[in-house]
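Let me begin by presenting the structure, written as structure tokens, before commenting on it.
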Amino acid sequence: MLQQTQVATVIPYYHRFLDRFPDPRTLANATEDEVFKLWAGLGYYRRARQLHAAAKQIVALHSGQFPRNLDAVLALPGVGRYTAQAILSFAHDDKLGIVEANTQRLYARLLYLTDPLPWSTSQKQLWDFAERIVPRKGCGEFNQAMMEIGSQLCTPRNPNCAECPLLPLCPTGERQHTDRVPAPKDKKIITPLTEAAILVRNSSAQWLVRRCKSGERWAGLWDFPRIDVSDCDGELGRNDKIQRAMRDEFGVKGERPTPSSPPSAARRRGS
DNA sequence: AACACGGGGAC
DNA sequence: GTCCCAGTGTT
């Protein structure tokens with residue numbers, strides 16, 4: 001859950017999830033639908049599917065006991081080097097380093113690493129550093145302490161170098177170069193997109209939904225019929241494309257607006 | 001190496 | 001608005 005998601009956001013989901021799925025076997029026996037239900041709203045839904053698959057793998061290959069060995073943990077779906085080494089260092093104090101958002105930024109500054117962080121050469125330097133600095137004992141606590149310094153003091157903007165115990169060891173902080181190390185990421189280009197969602201309800205208050213196709217956003221998830229109308233010019237063009245999509249893509253015969261039928265709010269808006 | 005994946009927090 | 005978040009898997 002914590003992959004690319006802030007701790008404070010995760011906490012309520014985490015409690016509800018563990019309440020329902022307290023161990024790998026319970027999770028493995030659940031349906032995907034129920035797993036998704038407790039994940040809904042968190043985003044990155046692939047993680048839910050992978051966690052479910054990981055639970056099944058733990059039952060199938062490890063008798064329902066979470067594996068103790070690095071290669072076995074790394075082989076779980078959705079578990080990469082960071083997650084595997086975090087788990088084993090926290091849970092068993094294995095002597096393993098970690099690089100994630102917080103320690104990546106902190107270690108880049110301690111190394112005065114000016115290369116872009118996505119470069120494989122940068123990643124290697126960060127992981128080598130992470131593995132080199134961990135103590136033989138108390139490694140898990142050390143890793144979490146580094147993450148805490150990264151998140152509470154060594155922040156992306158305006159880090160609190162004055163209160164940082166590592167300032168004497170930090171060339172970036174000493175030179176006040178925290179605004180250029182690590183190197184700022186390339187600006188993300190946003191492509192404008194306008195979509196229409198079509199809400200169809202029958203007399204039993206059931207709503208029409210569909211499963212998103214692969215290659216499409218939210219592939220495999222359920223959604224209202226939804227189409228890209230970015231290329232449409234004005235309400236008439238949009239409604240026309242929506243009508244066609246309803247018929248051709250979704251096989252639904254839309255009720256044609258007639259002058260006699262009272263115009264709904266949705267129709268007026270062209271939604 | 002670059003990209004997709006999601007929703008929200010912080011400023 | 002903009003940047004970023006306890007990354008991973010795929011292309």
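As the structure is a prediction and not an experimental result, all values here were calculated from the model.
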Side-chain contact check for Lys185(A): nearest option of dC5(C), dT2(C), dG9(B) is dC5(C)

Hey, does Gln6(A) reach any base, or is it just sugar-phosphate, or nothing, if we go heavy atoms under 4.0 Å?
base

Sorted by number, residues from residues 42-51 of chain A placing a heavy atom under 4.0 Å from DNA chain C are Tyr44(A), Gln50(A)

Geometric class of the Phe129(A)/Tyr107(A) ring pair [parallel <30°, tilted 30-60°, perpendicular >60°]:
perpendicular

Got a donor-acceptor pair under 3.5 Å from the side chain of Thr5(A) to the base of dG6(B)?
yes

Could you tell me whether Asp248(A) atom CG has more than 12 heavy atoms of other residues or ligands within 6.0 Å of it?
yes

Ala101(A) side-chain proximity, nearest of dG8(B), dT8(C), dC5(C):
dC5(C)

Please state the P separation for the pair dT8(C) and dG8(B) - nearest whole angstrom.
23 Å

Phosphate oxygens OP1/OP2 of dA1(B): is one of them under 4.0 Å from a side-chain N or O of Ser120(A)?
yes

Base, sugar-phosphate, or nothing: which does Phe90(A) touch, judged by heavy atoms less than 4.0 Å apart?
base

Side-chain donor-acceptor pair under 3.5 Å between Thr103(A) and Glu100(A), yes or no?
yes

Nearest whole angstrom, please: distance from the P of dC4(C) to the CG of Leu117(A).
10 Å

Nearest-nucleotide check on DNA chain B, Trp119(A) vs Gln4(A); residue mapping nearer the 5' end is Trp119(A)

To the nearest angstrom, how far is Gln104(A) atom CD from dC5(C) atom P?
8 Å

What does Gly150(A) touch in the nucleic acid at a heavy-atom separation under 4.0 angstrom: a base, only the sugar-phosphate, or nothing?
nothing

More 5' along DNA chain C: Ala8(A) or Val79(A), using each one's nearest nucleotide?
Ala8(A)

At 4.0 Å (heavy atoms only), tell me whether Pro77(A) reaches a base, stays on the sugar-phosphate, or touches nothing.
sugar-phosphate

Phe21(A) and Phe17(A): CA distance, side-chain angles, deciding distance, ring-ring contact (aromatic ring centres under 6.0 Å, His included) verdict
CA-CA 6 Å; Phe21(A) 311 116; Phe17(A) 200 89; 4.9 Å; yes

Would one find a side-chain N or O of Thr83(A) under 4.0 angstrom from OP1 or OP2 of dT8(C)?
yes

